[in-house]
**Q** 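Pasting a structure below so you can have a look.
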Amino acid sequence: MASRDPAEILALLDAQKRALMEQGDEDLRPSHGADSIEKVDDDAAPLSEMTQVIASRRNKERTVKLQAIERAMVRVREDPEMYGHCVTCEEPIAPRRLEVVPWADRCLACQEGGEEDGARRGSRRHLRDFD
Ligand SMILES: [Zn+2]
């Protein structure tokens with residue numbers, strides 16, 4: 001497989017990073033500033049609270065993604081040969097996955113097997129029949 005130009009990969013990652021940064025944090029405060037925050041009426045409060053929760057979760061996801069992109073950029077700079085290879089099993093990451101997630105540092109198998117924080121999947125393999 002022809003390896004890609006590290007500069008090209010960096011440019012791609014940098015573009016992704018910029019795009020994310022341009023989105024900016026979602027406003028956790030009323031952006032138009034006309035009404036004072038104290039004047040929020042009781043009916044609207046629960047909704048705006050929920051909106052804030054959603055917004056802050058999105059901001060967190062964005063931060064996580066930004067960090068992943070930055071880590072990928074560091075990897076490309078330090079070891080361009082290893083870009084596109086899984087940091088866990090060192091197997092090449094599927095090109096289609098890299099197209100969608102250029103900052104991916106693990107192959108799908110390792111990603112799903114070693115998800116650090118959400119037990120969203122992967123617990124299936126630990127299930128046992130008890131009889
Ligand atoms: Zn792997």
Side-chain angles (χ1 to χ4, degrees):
M1 197 194 304
S3 64
R4 295 171 67 180
D5 183 0
E8 196 183 301
I9 299 162
L10 275 176
L12 179 79
L13 289 168
D14 195 50
Q16 300 263 3
K17 186 179 153 186
R18 272 166 212 266
L20 263 185
M21 287 173 77
E22 269 167 26
Q23 282 173 18
D25 280 332
E26 298 211 19
D27 247 324
L28 299 183
R29 291 156 298 163
S31 51
H32 301 297
D35 304 302
S36 80
I37 300 167
E38 291 97 325
K39 267 192 136 185
V40 176
D41 71 278
D42 290 344
D43 288 342
L47 182 66
S48 86
E49 222 167 82
M50 199 175 84
T51 310
Q52 287 192 13
V53 169
I54 292 169
S56 74
R57 205 187 60 189
R58 282 209 202 109
N59 290 344
K60 199 179 149 199
E61 281 169 5
R62 197 173 129 266
T63 306
V64 167
K65 200 165 153 188
L66 266 178
Q67 285 168 345
I69 293 173
E70 272 162 15
R71 279 202 306 272
M73 290 175 81
V74 169
R75 281 201 313 277
V76 175
R77 285 199 191 97
E78 288 180 351
D79 199 358
E81 298 283 300
M82 277 310 286
Y83 174 79
H85 289 74
C86 175
V87 295
T88 304
C89 69
E90 299 189 1
E91 291 293 317
I93 298 170
R96 280 182 63 188
R97 173 165 161 75
L98 278 178
E99 252 174 60
V100 182
V101 191
W103 54 89
D105 59 1
R106 284 187 291 177
C107 68
L108 208 53
C110 292
Q111 180 83 42
E112 293 196 338
E115 203 77 58
E116 283 126 328
D117 45 43
R120 214 173 2 154
R121 296 188 93 196
S123 56
R124 191 169 281 191
R125 70 175 61 177
H126 301 300
L127 287 179
R128 285 185 195 155
D129 287 324
F130 287 103
D131 54 352

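These numbers were taken from a predicted model, which means no experiment stands behind them. The first residue in the sequence is number 1, and the count goes up from there. Order of appearance sets the numbers: ligands from 1, and atoms from 1 within every ligand.
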**Q** So which atom in E78 and which in P80 form the shortest heavy-atom distance, rounded to 0.1 Å?
**A**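 Reported closest heavy-atom pair: C-CD, 3.7 Å.
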
**Q** Show every salt bridge (charged side-chain N to carboxylate O under 4.0 Å, His left out) that has at least one partner inside residues 84-102, sequence neighbours left out.
**A**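 For residues 84-102: none.
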
**Q** Rounded to the nearest 0.5 Å, what separation is found between the CD atom of E70 and the CG atom of D14?
**A**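 Rounded to the nearest 0.5 Å, the CD-CG separation comes to 10.0 Å.
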
**Q** Hey, what do you get for CG (L20) to CD (E61), rounding to the nearest 0.5 Å?
**A** 11.0 Å

**Q** Please round to the nearest 0.5 Å and tell me the distance separating atom CH2 of W103 and atom CG of L12.
**A** 9.0 Å

**Q** Please step through side-chain contact (heavy atoms from CB on, under 4.5 Å) for the pair I54 and R58, ending with a clear verdict.
**A** CA-CA 6 Å; I54 292 169; R58 282 209 202 109; 3.8 Å; yes

**Q** Can you list the protein N, O or S atoms less than 2.8 Å from the Zn ion (ligand 1)?
**A**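 Near the Zn ion (ligand 1), the protein supplies C86 SG, C89 SG, C107 SG, C110 SG.
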
